K.L.:
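I am attaching a structure below and will ask some questions about it afterwards.
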Amino acid sequence: MWVFNARHDFGVETDPTEGEFFVNNDVDRSSALVREAVQNSLDARRDDAGTVEVRFAFQGGSLFLDPAPIRRYCDGLRPHLRACGVDIDEAAMDDPQLLLVEDFGTHGLRGDPASNAASDFYYFWHVGGRSGKGDTKAGRWGLGKTVFPNSSRLSAFFGYTIRSDDARRILFGQTCLRTHALEGVVHLPYAFYQSSPARQYELPIADRAMLDAFVKDFRLSRQAETGLSVVIPFPYPEITESALLEAAIEHYFYPVLAGRLVIRVNERALNAETILGLAAGMQSRRLRDIEKALAFAAEIQRLAADAVGTVGVPSKLNTEAGRIPPEAFAPDHLSALRHDFREGRIIAIRIPVQIEPMSAPAEPSFVTVFIKRDPLLFRGHDYYLRGGITLSGQSVFGGRPALGILLAEDVPVCRFLGDAENPAHTLWNPRSARLSAKYRHARETVMFIREAMGSLLDTLTQEAAEEDRQALSDIFFTPRRSDRAQGARETKAEDKPPADIAAAPPRLIIVPIRGGFKVKAGTGLDPACLPLPVALSAAYGIREGNPFAKYASHDFRLEREPIAITAAGVTGLKPAGHRLSFAATSPDFEVEVVGFDTHRDLAVRIQEEEEG
């Protein structure tokens, strides 16, 4: 039965907003569900299971699902939904729609369900904003499970688990609404489908007959296998088979190709043998954009174990010369690496990282970087993975024609980066409060890891200070006139920059992201120059001519929706038409602009304004 508890007469009243962390400009509802559900399953892998399998299955229509029991599971919930302005009409109840998410090769939700002692069960059902995960586990914030109610039009889900520690079967349900009044009583937003009465500790359903009925009513595929089956009633219509499959390929291609993960969406199985074919056949622009990255990741799986090299002079890492400067390699080794890179061979390097916990001795660790040159690319494709999940917000290659994958799998660095991630697992935040409280030199370590692959690419190409090749067509960086050599003649954009200008590291850089771009400090920004006035222009690319001169206001205006601008470390932010001006006041400043049409090329030109 559904049990809603009344609001207390004391304390702070708050409504859940955690779902906003996972659905945004970068991650849609289908992607959020796939990213978080699969991550939870990978974290719960049994030691004796070589592969984790996650199944997404749509069930719908009165021919396949008996509406009567579905009504019974939802009836106690519907008055509260109506009180919150949400309801499913009678016609929909007669034509029930469900989405099942089931994992196999996993532990299930272990722990005493009658206790608030730390356990998988307790953290999944009873705790928000805290997680019991650590080390190589991808989850950290204890918020990822909110994607389940956030995927349901009822804001509800059921969880049926068989546990590896005691083989018990347990059923629980949860809804996440908002504080609401019903029949004169103010109720809390969270409620459970439970066996215990109101105002008592919430206990799951363990009655055998009820469990058997649930498995039959919702057509679960789980028999006696350990793991978790989640039932999402009335999923949002934008969550479709093709959207889930596309998200699975985009976000989990690496563990799938490595043979550690299989994802099924209805009848289609995504595994190491089928992923390239399925991706090619989906006619998806997003998947076409990463087609070469998929082939690159498949090629990495075929590398011999001894193909991964090391840094010869670790003491030269992360110095004033750069994150991974040429001096970090012996001359002969560097020459061989550059030759292989020019020939299009994969460069595989294990990069040492020192992790320094506040309360423990320093721990030596490493990340592994794979880079390959591809002169046919219009822009770089770089991917950052921790614990199997891809951080979709990380990108530093810009227009450089190369493929890159950074793997963080060693326990100390995996634990460290987990503490640096935002709740949606899209980027590593060097300013994370939890990180600085637990580690020494936290910010510098995060920045080293984030920029390591880009720095190695610079070293391989001997172009550490060169602007992106695509700056001539897609992204532009214009240095201050005062930075040019005295009396030097301005060159046309298509001409090769003079050597003395190219040798100076840029003070500002542009990083492409999905639907837009970021502007932040380059390696050449001297804090003494702050505040630094900046102006930029944006326009959609055109076949011929200057895209900025031919900007049309009906394409977009930076001050209007759907364009969204977020900024930190700047003042005087002024968007107008296709122009944006501001003053950078911090060496860690960042300006993010998103909301552009992802099906069109975007040109961006940035310029440091003359002072005074």
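Please read all numbers here as calculations on a predicted model, not as lab measurements.
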K.L.:
Which residue pairs satisfy the salt bridge (charged side-chain N to carboxylate O under 4.0 Å, His left out) criterion with at least one member in residues 559-581, sequence neighbours excluded?
P.N.:
R557-E559
K.L.:
How far apart are the C-alpha atoms of K372 and E299, what are their side-chain angles, what is the distance that settles it, and do they pass the salt bridge (charged side-chain N to carboxylate O under 4.0 Å, His left out) test?
P.N.:
CA-CA 10 Å; K372 182 180 180 180; E299 190 177 355; 2.9 Å; yes
K.L.:
Please give me the minimum heavy-atom distance between R29 and S151, naming the atom from each residue.
P.N.:
CD-CA, 4.4 Å
K.L.:
Going through the checks in order, is the salt bridge (charged side-chain N to carboxylate O under 4.0 Å, His left out) test met by E409 and R386?
P.N.:
CA-CA 6 Å; E409 298 178 319; R386 184 192 68 85; over 6 Å; no
K.L.:
Go through it in stages, so that I can follow the logic: the residues are Y236 and N150, the test is side-chain hydrogen bond (donor to acceptor under 3.5 Å, both in side chains), and I'd like the CA-CA distance, side-chain angles, deciding distance and then a yes or no.
P.N.:
CA-CA 9 Å; Y236 280 97; N150 202 44; 6.0 Å; no
K.L.:
So, Y383 versus F253, ring centres under 6.0 angstrom or not?
P.N.:
yes
K.L.:
T598 side chain to G515 main-chain N or O, any donor-acceptor pair under 3.5 Å?
P.N.:
no
K.L.:
Please check: side-chain N/O of T459 versus main-chain N/O of I324, any donor-acceptor pairing under 3.5 Å?
P.N.:
yes
K.L.:
Between the side chains of D526 and R507, is the shortest nitrogen-to-carboxylate-oxygen separation below 4.0 Å, so that they form an ion pair?
P.N.:
no
K.L.:
Go through it in stages, so that I can follow the logic: the residues are E444 and R323, the test is salt bridge (charged side-chain N to carboxylate O under 4.0 Å, His left out), and I'd like the CA-CA distance, side-chain angles, deciding distance and then a yes or no.
P.N.:
CA-CA 10 Å; E444 184 62 25; R323 302 295 189 189; 2.5 Å; yes
K.L.:
Going by ring-ring contact (aromatic ring centres under 6.0 Å, His included), Y540 matches just one of F556, Y551, F548. Which one?
P.N.:
F556
K.L.:
How are the rings of F582 and F589 set relative to one another: parallel (under 30°), tilted (30 to 60°) or perpendicular (over 60°)?
P.N.:
tilted
K.L.:
Mind listing the closest non-hydrogen atom pair of D382 and V396 along with its distance?
P.N.:
OD2-N, 2.6 Å
K.L.:
Measuring from F56:CZ to L33:CG, what's the distance to the nearest 0.5 Å?
P.N.:
5.0 Å
K.L.:
Look at the side chain of S455 and the backbone N and O of A452, then say whether any donor-acceptor pair between them is shorter than 3.5 Å.
P.N.:
no
K.L.:
Do E241 and R268 have side-chain heavy atoms sitting under 4.5 Å apart?
P.N.:
yes
K.L.:
State whether a side-chain donor-acceptor pair under 3.5 Å links N429 with E421.
P.N.:
no
K.L.:
Give me the one residue out of H578, R600, K550 that meets side-chain hydrogen bond (donor to acceptor under 3.5 Å, both in side chains) with D555.
P.N.:
R600
K.L.:
For residues L407 and Y254, determine if any side-chain heavy atom of one lies less than 4.5 Å from a side-chain heavy atom of the other.
P.N.:
yes
